[in-house]
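Encoded as structure tokens, the structure appears first; notes follow it.
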Amino acid sequence: DAVAEARYFVSVTGTALAGQLPPALDIEANDGLSPTALVAWAKAFLAEVERLTGRVPVIYTGPAFWRSAMGDSREFHRHPLWIAQYTTGGPSIPGGWPAYTFWQNTSSFRVAGITGNVDHNIFKGTPAQLQALEGDAERILREADAAERVDLAARVALHLPPSEARDALAESIGSAA
């Protein structure tokens with residue numbers, strides 16, 4: 001039940017998301033659902049998360065999965081795309097999105113102070129757009145195609161308290177400039 005899962009998700013993450021990136025739906029398995037049923041499930045989950053948090057959730061997926069399991073649906077453009085594809089030269093963008101917002105391009109990135117490898121992501125936007133994403137994902141998605149790229153380590157940014165995440169992002173942005 002997508003709505004029940006969304007409610008549980010928000011019960012864990014909370015609704016006070018100011019100063020944080022939007023919640024994300026990590027969709028990489030179909031659990032035996034057809035593309036039509038999985039699209040309906042994702043719509044219900046995303047709508048409930050948005051209703052409860054007031055934020056437009058991000059969709060995290062891979063291009064091959066989206067094309068096959070989601071039938072390459074073009075019904076999710078209002079959600080920023082966080083695409084996982086370990087390649088060079090840019091990811092393949094599924095579902096007719098005009099651009100990605102985040103691109104996870106490796107799981108073998110190294111960050112000073114963290115033991116072991118972490119996922120590495122590229123944000124397609126400016127530092128100001130990244131700050132704006134804390135509360136305005138739709139505008140970021142519209143502007144991302146023409147924006148410059150800023151590197152960030154997603155596990156650092158997404159798994160730390162907001163103040164520490166901002167500091168980590170600022171350091172990453174500073175080193176990429």
Could you work out, with side-chain contact (heavy atoms from CB on, under 4.5 Å) as the rule, every residue matching [X], not counting sequence neighbours?
| X | answer |
| --- | --- |
| Ala64 | none |
| Thr36 | Ser34 |
| Thr15 | Val10 |

Given Tyr60, Phe123, Phe76, the one that forms ring-ring contact (aromatic ring centres under 6.0 Å, His included) with Trp82
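It is Tyr60, the one option of Tyr60, Phe123, Phe76 that forms the ring-ring contact (aromatic ring centres under 6.0 Å, His included) with Trp82.
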If I take atom CG from residue Asn121 and atom OG1 from residue Thr106, how far apart are they, to the nearest 0.5 angstrom?
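Atom-to-atom, Asn121:CG and Thr106:OG1 are 10.0 Å apart.
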Listed partners of Phe45 passing ring pair (Phe, Tyr, Trp, His ring centres under 6.0 Å), at least two apart
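Result, ring pair (Phe, Tyr, Trp, His ring centres under 6.0 Å) vs Phe45: Phe9, Trp41.
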Those residues that, when tested against [X], pass side-chain hydrogen bond (donor to acceptor under 3.5 Å, both in side chains) (two or more places apart):
| X | answer |
| --- | --- |
| Glu28 | none |
| Tyr86 | Gln104 |
| Ser92 | Arg67 |

Which pairs with one or both residues in residues 95-109 pass salt bridge (Lys or Arg N to Asp or Glu O under 4.0 Å), sequence neighbours excluded?
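Checked against salt bridge (Lys or Arg N to Asp or Glu O under 4.0 Å) - neighbours excluded - no pair reaches residues 95-109.
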Provide the full list of salt bridge (Lys or Arg N to Asp or Glu O under 4.0 Å) pairs with a residue in residues 1-14, sequence neighbours left out, each pair given once.
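Sorted pair list: Arg7-Glu48.
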Is Tyr8 isolated, or which residues cluster with it under the ILVMFWY side-chain rule of less than 4.5 Å, directly or via members?
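Other cluster members: Val12.
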Just wondering, do Asp72 and Trp66 contact through their side chains at under 4.5 Å, heavy atoms?
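A side-chain contact exists here, since the closest heavy-atom pair is under 4.5 Å.
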Taking C-beta and beyond as the side chain, do Pro80 and Trp97 meet within less than 4.5 Å on heavy atoms?
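No, their side chains stay 4.5 Å or more apart.
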